[in-house]
Amino acid sequence: MRNIKDNILEMKNISELMVDLGYTAIFLKEPIILKEVEELHHTIKRLEEETVKILFKVRESDEQRMMLMDLIDYIKDIANSALQIAELSKAKELPDIVNDILESTDKRVIVEKISPKSTLSKKSIGDAKIATFTGARIIAIQRDDNWNFKINRDTI
């Protein structure tokens, strides 16, 4: 069984990813990204249930327990909102202003195709030092029709 800190940290990280993926789902009109947000939402719910069970087994003051419960609820609220944002990708048509907003934000969705001849080809994200050189965070990789959302520094 995991601990409270690890669960809440994972919930926080997942909810942040869900927000990024939610906006990306709208921008790219990609149902597979919406499906991933839905799956991550289920993970958040599972982690919440597991964490609450642990919270009532450990020695914490009522005040600290309530504070942790509030934090879990706030993270869950973020995850719920991210899911609702992602569900907008199912709309047949969005107001033009939505695309204007998504294109004008500080965080941008950039879709890049890496050719087999690229210096990035066959390198891990860590070895290519993507974050160091560009400040970019890779949240998904599509190869043919397959999407990978489990990205880390070792991902090729």
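Just so you know, these numbers use all the heavy atoms, side chains as well, and skip hydrogens, waters and symmetry mates. Residue indices begin at 1 and follow the sequence shown. Not measured: the values here are computed from a predicted model.
The 12-atom threshold is not exceeded at NZ of K122, counting heavy atoms of other residues, nucleotides or ligands nearer than 6.0 Å. D96 CG: 12 or fewer foreign heavy atoms inside a 6.0 Å radius. The environment of N152 atom CG is dense: over 12 non-hydrogen atoms of other residues, nucleotides or ligands sit within 6.0 angstrom.
A continuous path of hydrophobic side-chain contacts links I32 to M18 [ILVMFWY only; heavy atoms under 4.5 Å]. Hydrophobic clustering (side-chain heavy atoms under 4.5 Å, transitive across Ile, Leu, Val, Met, Phe, Trp, Tyr) groups W147 together with L21. Hydrophobic cluster membership differs between L9 and V19, with clusters built from Ile, Leu, Val, Met, Phe, Trp and Tyr side chains linked at under 4.5 angstrom. If you chain together hydrophobic residues whose side chains sit under 4.5 Å apart, I72 and M66 never meet in one group.
Counting only heavy atoms from C-beta outward, the side chains of I54 and N3 never approach each other to under 4.5 Å. The side-chain heavy atoms of D73 and E48, taken from C-beta on, include a pair separated by under 4.5 Å. By the 4.5 Å heavy-atom criterion applied to side chains, E36 and K150 are counted as neighbours. Counting heavy atoms from C-beta outward, L71 and I75 have side chains that approach closer than 4.5 Å. The side-chain heavy atoms of L17 and N13, taken from C-beta on, include no pair separated by under 4.5 Å. Counting heavy atoms from C-beta on, the side chains of L47 and I14 come closer than 4.5 Å.
One finds a salt bridge joining K12 and E16 here, because a Lys/Arg side-chain nitrogen approaches an Asp/Glu carboxylate oxygen to under 4.0 Å.
Considering every non-hydrogen atom in both I78 and S15, the closest pair reads CG2-CB, 3.9 Å.
Between atom CD1 of residue I33 and atom CD of residue E38 there is a gap of 12.5 Å, rounded to the nearest 0.5 Å. Interatomic distance, CD1 of I8 versus OG1 of T51, reported as 6.0 Å (0.5 Å rounding). Here the straight-line distance linking atom CG of L88 with atom OH of Y23 works out to 9.5 Å at 0.5 Å rounding. Atoms CG and CD, from N7 and E49 in turn, are 11.5 Å apart once rounded to the nearest 0.5 Å. In this structure, the separation between OG on S81 and NZ on K76 is 12.0 Å, given to the nearest 0.5 Å. Atom CD1 of I26 and atom NZ of K90 lie 12.0 Å apart (nearest 0.5 Å).
With sequence neighbours excluded, the residues that form a side chain to side chain contact (heavy atoms under 4.5 Å, CB included) with I151 are I125, I138, I141, N148, T155. Shown here are the salt bridge (charged side-chain N to carboxylate O under 4.0 Å, His left out) partners of E39, two or more places apart in sequence or in another chain: K35.
Paired with M67 under the rule side chain to side chain contact (heavy atoms under 4.5 Å, CB included), one option of E63, R65, M69 passes, and it is E63.
Panel note: side chain S121, backbone K117; no donor-acceptor pair is recorded below 3.5 Å.
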